[in-house]
Amino acid sequence: MLNILKATLFSMLGGVLFLSTSCTVYYTTSEIDANFNTSIKSANDNCNRLLGQITAFEAEYQNLNCGSSASPFIEASQSMNEIDKAKNQIQLLLSDVSKLYINFKTFTNGKDKIASHTNEWEQFKRTKKGLKLKFKELEKIANLTVQDAEKLNDFVNEKIVPVVKKIEVSSYCQNFEEIQQSFLVSQKDLDSKITLIEKDLQALKVKMGRLYKDKYDLLEKDLTDIKEQRDELKAVYANIVYTIDSFKKQMKGKTIVYSCSSEWTIVNETEKSFVQQQQKFNNIQTALLESYAHMQAVFQEIK
């Protein structure tokens, strides 16, 4: 579910630029600022990328909508809470880094360079030391968070994902629509067969209806039974259309549904309805085959 890439959180703060060979050393403010800014941007970019990956993972996990009252969900929830605490620590440290940098910009405002053994010099050293400490803390917490997140990811994939069912709504609807289409084809085929049978019976009635009246009556009865099965088939088709339309309406805006979610009840009800309609269809097919076989036997007797 998750792919977290470890990254170095900061580049080392660079060296200084000597502007004089005297005992006083000067640091170019713009060079220091560029160095600080590069290091801070690197830390922010890497930390924000890490936080974004974890947030995306948590969102995907939450989409499962699984409760945390039983194993293994309770273990995953506990691990997620620990990772959230680490995320908060990282955000606080990034805030501290930002404050140190803002302070640096404040005390160097309007100064092109900083001379050693001055108040600005002491401020600069404190800022540099403070940033290094914060970067070190960030790197430690971030790397531990990566490890914890990777462990949680593996745990979810090994212990939770295999026991949680899911459907892709679009594929699910497509499968149902294919079933619907097959029922429609069956219905049209039956209409065609009924038309042919009616023609055959009409021809039989004209040629030898009086001679084989009892046989003709049997065939008429079979035809009536077939037409009744056609009505049953139309009702089954109508139920299928209704079931598909209802499912689509209830799943509007959803792409994936997991078995932990409340929507899974809709999936179960939809599948139950299709099983029922399929059973009715099978019964219709059986009845039709019996009628066809009986008609065939009667026609053979007439010949």
Side-chain angles (χ1 to χ4, degrees), residues 1-12 38-98 131-175 247 250-268 270-271:
M1 293 177 70
L2 177 64
N3 181 24
I4 294 179
L5 301 177
K6 293 183 180 180
T8 301
L9 292 176
F10 62 92
S11 56
M12 292 299 293
T38 298
S39 299
I40 292 169
K41 185 178 184 303
S42 177
N44 273 302
D45 289 347
N46 284 285
C47 286
N48 287 330
R49 182 163 57 250
L50 170 61
L51 295 176
Q53 288 175 319
I54 293 174
T55 298
F57 166 79
E58 290 179 331
E60 186 176 355
Y61 179 78
Q62 293 302 326
N63 281 337
L64 297 177
N65 287 323
C66 294
S68 58
S69 59
S71 181
F73 304 110
I74 190 169
E75 289 90 340
S77 179
Q78 290 170 344
S79 296
M80 201 88 70
N81 289 337
E82 292 302 315
I83 290 173
D84 282 339
K85 291 178 183 178
K87 284 172 56 180
N88 291 335
Q89 284 184 283
I90 290 173
Q91 290 168 335
L92 287 174
L93 285 169
L94 289 176
S95 178
D96 290 342
V97 167
S98 178
L131 286 174
K132 282 188 175 182
L133 288 173
K134 296 300 180 183
F135 288 152
K136 188 174 182 179
E137 288 183 71
L138 275 170
E139 185 175 40
K140 180 180 178 180
I141 294 175
N143 286 335
L144 288 174
T145 304
V146 167
Q147 294 173 14
D148 291 342
E150 288 176 339
K151 288 179 182 177
L152 176 58
N153 181 65
D154 292 340
F155 178 82
V156 170
N157 285 326
E158 292 172 8
K159 302 294 185 180
I160 295 180
V161 171
V163 301
V164 176
K165 298 178 183 178
K166 73 173 182 177
I167 63 160
E168 293 184 2
V169 175
S170 60
S171 298
Y172 207 66
C173 289
Q174 183 178 349
N175 291 337
F247 179 82
Q250 294 179 89
M251 292 297 169
K252 187 175 182 180
K254 298 186 179 298
T255 56
I256 297 177
V257 178
Y258 294 93
S259 58
C260 289
S261 69
S262 59
E263 288 87 0
W264 197 254
T265 301
I266 301 171
V267 175
N268 287 333
T270 301
E271 291 186 348

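- You'll find the side chain of S39 reaches within 4.5 Å of the side chain of F135, heavy atoms only.
- Summarising the geometry of F247 relative to I266, their closest heavy-atom pair is CD1-CG2, 4.0 Å, with the distance given to 0.1 Å.
- Y172 places a side-chain heavy atom less than 4.5 Å from the side chain of V267.
- Smallest separation of non-hydrogen atoms from T145 and I141: OG1-O, 2.6 Å.
- The pair D45-K41 counts as a salt bridge, with a side-chain nitrogen and a carboxylate oxygen less than 4.0 angstrom apart.
- Nearest heavy atoms, E158 versus P162: O-CG, 3.4 Å.
- With contacts defined as side-chain heavy-atom distances shorter than 4.5 Å, the pair V169/C173 qualifies.
- When all heavy atoms are compared, the tightest approach of V257 to W264 is O-CZ3, 3.4 Å.
- Nearest heavy-atom pair across E263 and M251 is O-CE, 3.6 Å.
- Judged by distance alone, with hydrogens and angles left aside, the side-chain atoms of S98 form no donor-acceptor pair with the main-chain N or O of L94 at under 3.5 Å.
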Could you walk me through whether Y61 and L152 pass the side chain to side chain contact (heavy atoms under 4.5 Å, CB included) test, one step at a time? CA-CA 11 Å; Y61 179 78; L152 176 58; over 6 Å; no
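- The distance from atom OH of Y258 to atom CD of Q62, rounded to the nearest 0.5 Å, is 12.0 Å.
- Counting only heavy atoms from C-beta outward, the side chains of D96 and L93 approach each other to under 4.5 Å.
- The closest side-chain heavy-atom distance from C47 to L138 is below 4.5 Å.
- With values rounded to the nearest 0.5 angstrom, K151 atom NZ is found 6.5 Å from Q147 atom CD.
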What pairs of donor and acceptor atoms, side-chain ones from residues 80-90 against any protein atom, are under 3.5 angstrom apart with sequence neighbours left out?
{"from": "N81", "atom 1": "ND2", "to": "S77", "atom 2": "O", "distance (Å)": "3.4"}
{"from": "E82", "atom 1": "OE2", "to": "K85", "atom 2": "NZ", "distance (Å)": "3.4"}
{"from": "K87", "atom 1": "NZ", "to": "T55", "atom 2": "OG1", "distance (Å)": "3.3"}
{"from": "K87", "atom 1": "NZ", "to": "E58", "atom 2": "OE1", "distance (Å)": "3.1"}
{"from": "N88", "atom 1": "ND2", "to": "D84", "atom 2": "O", "distance (Å)": "3.4"}

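- Between the side chain of N153 and the main chain of A149, no donor-acceptor pair closer than 3.5 Å is present.
- The line from CD of E139 to CG of L144 is 10.5 Å long, rounded to the nearest 0.5 Å.
- Put simply, OG1 on T270 and CD1 on I167 are 8.0 Å apart, with the number rounded to the nearest 0.5 Å.
- Identified under the salt bridge (charged side-chain N to carboxylate O under 4.0 Å, His left out) test for residues 159-168, with sequence neighbours left out: none.
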